[in-house]
Structure formats: structure tokens, C-alpha cells
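Encoded as C-alpha cells, the structure appears first; notes follow it.
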Amino acid sequence: MNATISPAAALDARLRRLDTGEGPFAPAKVAELDRKEAFPEAAVAALDDFGLAAHYVPVKHGGQLAHYPDLVALWRTVARRDLTAAIGHGKTFLGGACTWVEGNASQAAALGKAMLNGARVSWGLTERHHGSDLLAGELSATRNIAGGWKLHGEKWLINNATRGQLVSVLARTDPAGGPRGFSVFMVDKRTLPPTAFHSLPKERTHGIRGADISGIAFTGADVPDTALVGRQGGGIELVLKALQLTRTVAVAMSLGAADHALRLTVDFAKAHQLYERRLADLPRARRPLGQAATQLLLAEAVTCVGSRSLHALTSEASLTSALTKAFVPSAINDMIAQLADLMGARSFLSDVYAHGMFQKLERDHRIIAIFDGSTLVNRNAVINQFPVLVRAWRQERRDAEGLATAATLSAPLPEPDLSRLALISLGGCSVVQGLPAALQRLQALGEGGGVPKNVTFLARALGAATAAVHERMAAHPPSPRDVPPEAFHLAEHYEACFAGAACLHLWLNHQDRATGPLWDDALWLEACLVNVLTRLGVQTVPDAADVFDRLAAAVVDAPGPVSLLDAARQEGTP
């Protein structure tokens, strides 16, 4: 691989040769497999040939995964072509996450070697009758007298459960269950006799139709002591920590789907004639394009800060991962709906425009908000930390150094210390708690004429709204049961505060050197702040929505995917 270009750029160059003609990523081929509900074998093989699996294995375990933002960029590159292939291939990283977090050196080395040799790994968490309620899981692991464990029970709706050679299984090791009653086992199906397990049938799905969404049933499967990952009884805690990694990087799939949806719609709007003018030139079309692009830029900013925070603000990942996973897929669902309205009938026809790629990505993307914890599950995780967030906000606590690293693309990322992952962020959320200091920086820039006055006004409004959200949160202490609907509404508002703060930190740390239409006069920041304030129910100036019209011009003329990060990256960026 050329060392002068990023892994994502190298992958993009490789896939460009495969997304035309009869290539496995060509829209016609992707659409054909979707109709047949067939697994994208050739596409996944191409990703294997590139060596994508090496980026699922941390460097210290023999792979090439040094920085989680790089994995985000790689998955985004694949997902903007076919979500089915991206999800089918990427599941291997999710399956290995528990081992990266708490596996011993021997386990991690063995798993890394297996992945590098092409082994697929799945993650068996959910069960047919229990869904996201992991504490209700019935699949059991009982000790054998002669050593080892015997697995009984099934896991269902598991990606790559049939195709995978290894499966990371959450099993009940104490009949009484409870938070200390479950453990994680890495099961190598290749070492089991055929009578010890069987695959459950592939389920037909609305989206990602070709993916292996199936299950596995164990019938007295003997696994060795070395299959136990982490501590006996520590399975729930281990899974919750591993999810902090997987939730954060999984939103790359949303960004890729958004890139694809925006490109399809812009191409259509530029080619379609209405009243002897391009649809893209009509005000009725330009504003929705600008609004949709804003959703993408907002989601990109959240993903950037969230993925870098895994390195720079690791102890806060219980919050940043939940906020990122709750916000990004929801924002992109809204974006796709906006674009579908503009596309009209072509948004759901399967063979009239672009081989029906829009209706496919719309169906495929719906799953992103569900896996690795649904939006409600992630918001509940934020609700549980309301008291910590309120205290930290009032005390103006933040990790200033970590925040600067998380929001500065040219800042070197430290090696992630996964031992710092915790179930509760005792320091709160530095991204949000750093907002008052960011507003002071912006105010100083504004006084010197370095930022438009309307942007300063919008940022101050965000600061006031964020303070108000914390006061409302203080009145809603968490409850393990019967969480009131208003608490979920507040969590959603806190997500918006997080998104707005992420945008402001990114802009401040790059405004003096980033170039391009999106950065001129703080255009993208203004658009994102208007969007965030609308989410928070804050009225802005009457003509605030005009920013979307201005943003649309940059979107329509963009030569490639719309990204604020590309313009912000500097030489030497990790």
C-alpha cells in the first residue's frame, strides 16, 4: 500500500475499479444480489483481497488498527457503495471487540492471527425472546468436572452466525443470572463436532437482504477454559465496554449511506429538467439539498469527535459512544427522508433510476439505528448519567487536553488504553462541558472580525440552550425502571447540545487553516448551529434558513463526497 495516502483513499481507489461494469460493487450487480437476497460474495472477497480485516486487529496484536477514525473512514468508503457488503464484512470487528478489551495476550494474538487469515467472527448477544435485555439471556455455560465449559441454548438475529467460523458468545454462567451471572466465550466452531451446534435459518429482512442474519444453537458444546474471555461473571460489564468501541465506529455505515443518498439526489437534481431549468436550480429543490447536506456535516462532526474521543477521552466513552450512536443514525434517517421527498417516485422505484440504489440504501440504513444498542437503549445510557453530567457542568469540569486532541485533526492520537473504559464517566462529557470556554474563544474572534456576527449570535444561543437543558436534567434523576418519556426527550436534547459543541470545537481548531467553500465565512458551522437550535426548539433570526440555500450551492458543485473533514485535514494528520 502506498504510504503517502490514507488506507481509506487506497481502498477508494481500489473500489473505483470495481464499481463499474461487471464489478462486484457496480450498482447493477448490487441491485441484482439484493433482489435475489444473496450474500455479496465477490464484494466481500474484494475487501478481503484489499486486506480490510487487518484494520480490525489492533497493531499490538499483529494488525493495522492504530486509530479508530481510520476504521471509520474505511467503513464509510465501503458503505457509500453497498451497506450489505460493509455490514457483512465489518461484523468481524464487532465479534472481536470483547477480546480486544479484556482478552489475554494469548487470546488476542490467536484471534488476530485468525482474522488476518480470513476467519469471520460474529457476536452472539441477543436471543429470540429477550432482544436487548441481556440480563434475561438463557444460553448457559456450565462447568465440566474435567475442565472446560458446556454451552446450551441459542442466539438469534446474529449477523454472520452461519458464515462465521468463530462466535463471541454471552452466556449465563450463574443460574441465578444478575449483573455478575454472565460471561463471554470465544467459540471456534471449527473445533466442534457437528452434533454440538447447528445454524438457525437465515431470516428474511426488509433491508440488507443478502446479509447472513441468522442464529446458532448449541447442544452441549464443549469449549476449553481458554475460551473464556475476561473474568467469569464479568460478561455484562465486558460487553458494555466493548459496545463503546463498536457503537462509535458503526456510525461510519450511516455516513457512507448519507454520502450515497446525497450523491444520487444531487445527480438527479442536476440532470432533471423542470420548467426548462435544472431541478437543482429551483429554490424548492436547493433548500432541501442544503438542509440534507447539513445533516450529513453535523453527523460527520459528531462521528469525528466521537471516534477520536476513544483515544483522547477514553474514560468518557460510555457517554460519547452512546451520544454518537443515538445521534448519527437518527440524523441520517432524517436526511434520507428529506432527499426521498425531493426524489419523488424515484426514491422507491427499483429499476427506473440508478438501478434503484436509493430505495435500497433507505431500506438498508434502517438497521444501523438498531444494532449494537438501539437509539432508545443509548439514550437510556445517557439518562442514567444525568446526575454526573449536571454536576460536571456546574463545576465547569473538562479534560481540556483530551478535548483539544479529540477536536483537532492534526493532533497525534495516543494509543487507545482500553483499560480506561468504564461503565460511568465520572468526569462527565468534556465536549459539552467545554462549550463555555469555546464560546469565549468565539467571542474574542468575533470582536476581531474573525467570525460573522450571526454565527456568534447562534453560538451564544446554543450556550444558553445547553445551560437550560442541564437545569431540566437536574429535575429528572435516573430510575432503573419506569423511565419517564420526558427523560428520553431530554437525552435527545443533550445529544443536540453534544453535536453543536462538537461542531464549534472543530471549527475553532481549524478555522485559521482550513479552506474551501464549506469553510468560507463559517458556512458549515452556521448551517449546523441553525439545525441544532431547531432541534432544541430555539427560535433563531427570521432568515436563518437562508444558510441552507448558500450551502446548497457548495453541495451541487462539489466534485466528490461532501466532507468538512477533507478540507480541514493537514499534512501529518494521523
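Position 1 is the first residue of the sequence, and the numbers go up from there.
Between atom CG of residue Leu228 and atom CZ of residue Phe185 there is a gap of 5.0 Å, rounded to the nearest 0.5 Å. A distance of 6.0 Å separates CG in Leu323 from SG in Cys429, rounded to the nearest 0.5 Å. Residue Leu94 holds its CG atom at 10.5 Å from OG of Ser122, rounded to the nearest 0.5 Å. Atom CG of Leu536 is separated from atom CD of Glu495 by 10.5 Å, given to the nearest 0.5 angstrom. To the nearest 0.5 Å, atom CG of residue Leu490 and atom CD of residue Glu471 are 11.5 Å apart. Note that CG of Leu409 and CG of Asn509 are 9.0 Å apart. Values are rounded to the nearest 0.5 Å.
Side-chain polar atoms of Lys360 and Thr84 form a donor-acceptor pair below 3.5 angstrom. Between the side chains of Gln385 and Ser425, no donor-acceptor pair of N or O atoms lies under 3.5 Å. Between the side chains of Asp372 and Thr246, at least one donor N or O lies within less than 3.5 Å of an accepting N or O. His489 and Tyr494 share no donor-acceptor pair across their side chains, judged by distance under 3.5 Å alone. Judged by distance alone, the side chains of His365 and Asn333 do bring a donor and an acceptor atom under 3.5 Å apart. Residues Arg247 and Asn378 have side chains that bring a donor and an acceptor to within less than 3.5 angstrom of each other.
Between Arg180 and Glu237 a salt bridge is recorded (basic side-chain N to carboxylate O distance below 4.0 Å). Salt bridge annotation for Arg76-Asp259: present, with a cationic side-chain nitrogen under 4.0 angstrom from a carboxylate oxygen. Ion pairing between a basic and an acidic side chain is recognised when a charged N comes within 4.0 Å of a carboxylate O; Asp364 and Arg209 show no such pairing. The residues Arg163 and Glu41 are annotated as salt-bridged, a charged nitrogen and a carboxylate oxygen being separated by less than 4.0 angstrom. Classification of Lys91 and Asp212 as a salt-bridged pair fails, no side-chain N sitting under 4.0 Å from a carboxylate O. Here Glu486 pairs with Arg472 in a salt bridge; the nearest charged N to carboxylate O distance falls below 4.0 Å.
A 4.5 Å side-chain heavy-atom check between Pro329 and Val251 finds at least one atom pair inside the cut-off. Taking the side chain as every heavy atom from C-beta outward, Leu389 and Gln433 approach each other to under 4.5 Å. Contact check for Trp75 versus Leu255: no side-chain heavy atoms found under the 4.5 Å cut-off. Between Phe218 and Leu192 the shortest side-chain heavy-atom distance falls below 4.5 Å. Side-chain contact between Leu166 and Lys189 is absent, with no heavy-atom pair separated by less than 4.5 Å. Counting heavy atoms from C-beta outward, Thr195 and Thr219 have side chains that stay 4.5 Å or more apart. Ile236 places a side-chain heavy atom less than 4.5 Å from the side chain of Leu170. Between Trp100 and Leu111 there is a side-chain heavy-atom pair separated by less than 4.5 Å.
Minimum interatomic distance between Trp123 and Val239 (heavy atoms only, all atoms of both residues): CZ2-CG1, 4.2 Å. Listed here is the closest heavy atom pair of Val431 and Ala502: CG1-N, 3.9 Å. Residues Ala499 and Phe327 come closest through the heavy atom pair CB-CZ, 3.7 Å. Contact detail for Arg535 and Ala496: the closest heavy-atom pair is CB-CB, 4.1 Å. The two atoms that bring Pro69 and Arg308 nearest to each other are CG-CG, 3.7 Å, heavy atoms only. Scanning all heavy atoms of the two residues, the minimum distance from Ala250 to Ile368 falls at O-CG2, 4.3 Å.
Side chain of Lys241 to main chain of Leu423: no donor-acceptor pair is present (N/O by atom type, distance under 3.5 Å, no hydrogens or angles). At distances below 3.5 Å, at least one donor-acceptor pair connects side-chain atoms of Ser374 with backbone N or O atoms of Val377. Judged by distance alone, the side chain of Thr408 and the main-chain N or O of Ser410 form no donor-acceptor pair under 3.5 Å. Of the possible polar contacts, none joining the Ser183 side chain to the Thr173 backbone as a donor-acceptor pair under 3.5 Å is found. Using a distance-only test at 3.5 Å, with no hydrogens or angles considered, no donor-acceptor pair links the side chain of Asn144 to the main chain of Ala146. Between the Thr191 side chain and the Asp188 main chain, a donor and an acceptor come within less than 3.5 Å of each other.
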Side chain to side chain contact (heavy atoms under 4.5 Å, CB included) evaluation trace for Ser168 with Val229: CA-CA 9 Å; Ser168 179; Val229 180; 5.9 Å; no
Gln107 vs Thr226, side chain to side chain donor-acceptor pair (under 3.5 Å): CA-CA, chis, key distance, verdict: CA-CA 8 Å; Gln107 290 172 323; Thr226 54; over 6 Å; no
Full working for side chain to side chain contact (heavy atoms under 4.5 Å, CB included) between Val532 and Leu298: CA-CA 9 Å; Val532 166; Leu298 193 57; 3.8 Å; yes
CA sep, side-chain torsions, deciding dist, call: Ser214, Ser199, side chain to side chain contact (heavy atoms under 4.5 Å, CB included): CA-CA 7 Å; Ser214 55; Ser199 299; 5.7 Å; no
Full working for side chain to side chain contact (heavy atoms under 4.5 Å, CB included) between Phe182 and Leu134: CA-CA 9 Å; Phe182 293 81; Leu134 300 183; over 6 Å; no
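More than 12 heavy atoms of other residues, nucleotides or ligands shown are found within 6.0 angstrom of CZ on Arg190. Open room surrounds NE2 on His129; 12 or fewer heavy atoms of other groups in view lie less than 6.0 Å from it. Sparse packing is recorded around CD of Glu401, with 12 or fewer heavy atoms of other residues, nucleotides or ligands lying under 6.0 Å away. Surrounding CD of Gln395 are more than 12 heavy atoms belonging to other residues, nucleotides or ligands, all under 6.0 Å away.
A distance below 6.0 Å separates the ring centres of His311 and Tyr68. Two rings, from Tyr56 and His61, have their centers 6.0 Å or more apart.
The aromatic rings of Trp393 and His470 sit parallel to each other, their planes meeting at less than 30°, with 60° as the upper class boundary.
Applying the salt bridge (Lys or Arg N to Asp or Glu O under 4.0 Å) rule to pairs touching residues 117-144 yields Asp48-Arg120, Glu127-Lys155, Arg128-Glu154, Arg143-Asp225, sequence neighbours excluded.
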